Amino acid sequence: MNTVDYLRISLIDRCNFRCTYCMPEGSEVEYIQAQESLTNTELIALLKEVFIPLGFKKIRLTGGEPLLRRDLVSLVDAIANLAGVEDLSMTTNGFLLNELAQPLYDAGLRRINISLDSLDHNVFRQITGRDTWEKVWAGILAAYEVGFNPLKLNVVVVPEVNDREILDLAALSIDRHWHVRFIEFMPIGNDNLFTHKRWVDSVTLRQQISDRYGLETGNCKGNGPADIFQIPNAKGTLGFISQMSECFCDHCNRMRLSADGLLRPCLLNESGQIDLKSLLRQGKDFAELRVAVRDLLQLKDEINFKDRDRGTGEQKSYFRTMSQIGG
Ligand SMILES: Nc1nc2c(ncn2[C@@H]2O[C@H](COP(=O)(O)OP(=O)(O)OP(=O)(O)O)[C@@H](O)[C@H]2O)c(=O)[nH]1
Ligand SMILES: C[S@@+](CC[C@H](N)C(=O)[O-])C[C@H]1O[C@@H](n2cnc3c(N)ncnc32)[C@H](O)[C@@H]1O
Ligand code: SF4
Ligand code: SF4
């Protein structure tokens, strides 16, 4: 069994963007009611009494858009100060980062992954449904100035939408310590867009980049499945997250906790989930919760998604989508 020590926590299922590959305008998402969300106190108790004792050491905060979570800074402060948390990070769309970069850094967050799918304002608007490129860019610069390191930029590559920009996006890694990651588009969030054009594989992207700039293997701190390369002499690196063309499930090291307390062993398989919030609110003690999570850890290898669409298979339909699970 793999060591599973990475917990991705979705802090909120709402988002201020409507990315076409994730939560397209008009998509019918059933939002979690406020009273169904784990409170900061419940979340901290679960980490302290259940997850950390079971060996989870790496925490990523995501969403929806995590910067929309009320009391975010105090939550980050509390998690950063928990004994046993060795790595705390966040994935965000960056819209509120200009205001929040400094307070989050002061609270103890040290690394951050920011979505930036395009350098072209029109394409950015087409993808995110928002005319907010400048504000996101300001957020990225603010995070860089404050000292987030590594600072990663996540690009979901959508054929005929932003794939023309691969070289320009890759070039962001040359002069600054920015780590640009290209993510293969997964069939979860917007089946229509996926069916229409499908995905671009990382090997093709690497070839394009290598032909233009050269490419060598690189190194960057992270807990995720990215393969790391580097343009020779660049300050930053390039990561490729190839969940469609490669299968990295055999060394999967993570579980996911939703904003309403569902613990999910695999992004792409809904089996085996445990409703930790309900168990907690029913008054189960932490020892019982630890046993439930430990049992799920034992089952994880069986649940891990193995039947991925390599470009020929059937699509699956999911009860929860990316913005609810947290990516
Ligand atoms: N299929 C699959 N995709 C994943 C998994 N983890 C990350 N991804 C993909 O990679 C995207 C970006 O992940 P991030 O939120 O930046 O986190 P990460 O890559 O684990 O972060 P680092 O710790 O910095 O390496 C996700 O939205 C997914 O599309 C995984 O376990 N399975
Ligand atoms: C669900 S978002 C949540 C965090 C934050 N709102 C953001 O966009 O960074 C987390 C990650 O999921 C990625 N993502 C969303 N839908 C995807 C899809 N269909 N295929 C691949 N990645 C996807 C996003 O690009 C982002 O990097
Ligand atoms: S990818 Fe992130 S920013 Fe875009 S809609 Fe999904 S949750 Fe929101
Ligand atoms: S698809 Fe599931 S098992 Fe595979 S790497 Fe992602 S979370 Fe892990």
Side-chain angles (χ1 to χ4, degrees), residues 2 4 6-24 27 58-69 87-97 111-117 127-128 136 139 148 150-158 162 179 181-191 193-194 199 220-228 237 239-256 259 264-272 300-309 316 318 320-327:
N2 284 323
V4 177
Y6 174 9
L7 185 67
R8 297 176 64 98
I9 305 175
S10 173
L11 294 181
I12 182 167
D13 61 344
R14 288 166 201 262
C15 187
N16 40 5
F17 285 12
R18 286 291 175 273
C19 298
T20 181
Y21 49 72
C22 176
M23 203 201 307
S27 52
K58 302 158 183 170
I59 311 286
R60 174 167 295 278
L61 305 177
T62 174
E65 177 42 43
L67 299 183
L68 294 176
R69 166 102 180 190
D87 183 42
L88 176 62
S89 54
M90 181 180 284
T91 305
T92 168
N93 65 27
F95 180 73
L96 293 172
L97 210 45
R111 68 186 193 94
I112 198 155
N113 298 357
I114 308 166
S115 292
L116 182 74
D117 294 318
I127 293 176
T128 62
V136 170
F148 281 98
L151 184 158
K152 303 185 185 179
L153 300 177
N154 279 345
V155 180
V156 176
V157 182
V158 185
N162 63 348
H179 305 273
R181 289 124 52 84
F182 298 103
I183 302 172
E184 288 177 353
F185 176 30
M186 273 186 285
I188 174 168
N190 186 349
D191 286 352
L193 185 68
F194 189 86
W199 44 280
C220 182
K221 177 176 177 168
N223 307 317
D227 299 315
I228 314 293
T237 64
F240 296 85
I241 302 179
S242 317
Q243 60 263 29
M244 298 305 294
S245 62
E246 288 171 17
C247 185
F248 38 71
C249 300
D250 285 347
H251 25 98
C252 183
N253 61 352
R254 71 211 53 197
M255 286 208 189
R256 292 164 164 88
R264 175 184 186 112
C266 172
L267 172 64
L268 299 179
N269 185 345
E270 313 220 298
S271 312
K300 181 169 156 55
D301 276 353
E302 281 308 303
I303 292 169
N304 284 353
F305 187 74
K306 300 167 194 87
D307 183 26
R308 67 192 44 257
D309 179 352
K316 296 187 73 169
Y318 298 96
R320 287 198 162 180
T321 185
M322 285 296 260
S323 57
Q324 298 166 299
I325 307 165

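Computed from a predicted structure; not experimentally measured. One is the number of the first residue; the rest follow in order along the sequence. Counting convention: from 1, in listed order, for ligands and their atoms alike.
We find the CE-CG distance between Met186 and Leu267 to be 5.0 Å, quoted to the nearest 0.5 Å. In this structure, the separation between CG on Asn253 and CG on Asn223 is 6.5 Å, given to the nearest 0.5 Å.
Among the atoms of Cys247, no N, O or S atom is found under 2.8 Å from atom 4 (Fe) of ligand 4. Among the atoms of Cys252, an N, O or S atom falls under 2.8 Å from atom 8 (Fe) of ligand 4.
In this comparison of Met90, Arg256, Glu184, Met186, the heavy atom closest to atom 29 (O) of ligand 1 sits on Met186. Counting heavy atoms only, Met322 comes closest to atom 17 (C) of ligand 2 of the residues Gln243, Met322, Met23, Gln324. Of the candidates Pro187, Gly327, Gly326, Gly64, it is Gly64 that places a heavy atom closest to atom 4 (C) of ligand 2. The option with the heavy atom closest to atom 27 (O) of ligand 1, from among Gly327, Ser115, Gly239, Ser89, is Gly327. Within the set Gln243, Arg181, Lys152, the minimum heavy-atom distance to atom 16 (O) of ligand 1 is found for Arg181. For atom 3 (S) of ligand 4, the candidate residues are Leu268, Asn2, Asn304; the nearest heavy-atom contact is made by Asn304. One option in Gly63, Cys15, Ser323, Pro66 has a heavy atom closer to atom 2 (S) of ligand 2 than any other, and that option is Gly63. Considering each of Ile241, Leu267, Thr91, the one bringing a non-hydrogen atom nearest atom 11 (C) of ligand 2 is Thr91.
A salt bridge links Asp87 with Lys221: at least one charged nitrogen is closer than 4.0 Å to a carboxylate oxygen.
Every atom of ligand 1 is numbered from 1 in the order shown, and the set under 4.0 Å from a heavy atom of Leu267 is 1 (N), 2 (C), 3 (N), 32 (N). Listed by atom number, the atoms of ligand 1 under 4.0 Å from Ile183 heavy atoms are 11 (C), 12 (C), 29 (O). Annotation for ligand 4: atoms under 4.0 Å from non-hydrogen atoms of Phe248 are 5 (S). Taking every non-hydrogen atom of Gly222 and a distance limit under 4.0 Å, the qualifying atoms of ligand 1 come out as 22 (P), 23 (O), 25 (O). In the vicinity of Leu267, heavy-atom distances shorter than 4.0 Å reach the ligand 4 atoms 2 (Fe), 7 (S). Residue Thr62 approaches ligand 2 through these ligand atoms, each under 4.0 Å from one of its heavy atoms: 3 (C), 4 (C).
Proximity of Thr92 to ligand 2, defined as any heavy-atom pair under 4.0 Å, is confined to the backbone N, CA, C and O atoms. The residue Val156 has no part lying near ligand 1, judged by heavy-atom distances below 4.0 Å. At a heavy-atom cutoff of 4.0 Å, ligand 1 is contacted by both the backbone and the side chain of Asn223. Under 4.0 angstrom from ligand 1, the non-hydrogen atoms of Arg254 all belong to its side chain.
Among all protein heavy atoms, the one lying closest to atom 8 (O) of ligand 2 is Ser115 OG, 3.1 Å. Considering only non-hydrogen protein atoms, atom 20 (N) of ligand 2 sits nearest to Met186 N, 2.9 Å.
Judged purely by atom type and a 3.5 angstrom limit, Asn269 uses its side chain to pair as donor or acceptor with the backbone of Ile303. Between the Asn304 side chain and the Asp250 main chain, no donor and acceptor come within less than 3.5 Å of each other.
Within the structure, the closest approach of Arg256 to ligand 4 falls below 4.0 Å when heavy atoms are considered.
For the pair Arg60 and ligand 1, the shortest N or O to N or O distance falls below 3.5 Å. On a distance-only criterion, Gly224 and ligand 1 share at least one N/O pair closer than 3.5 Å.
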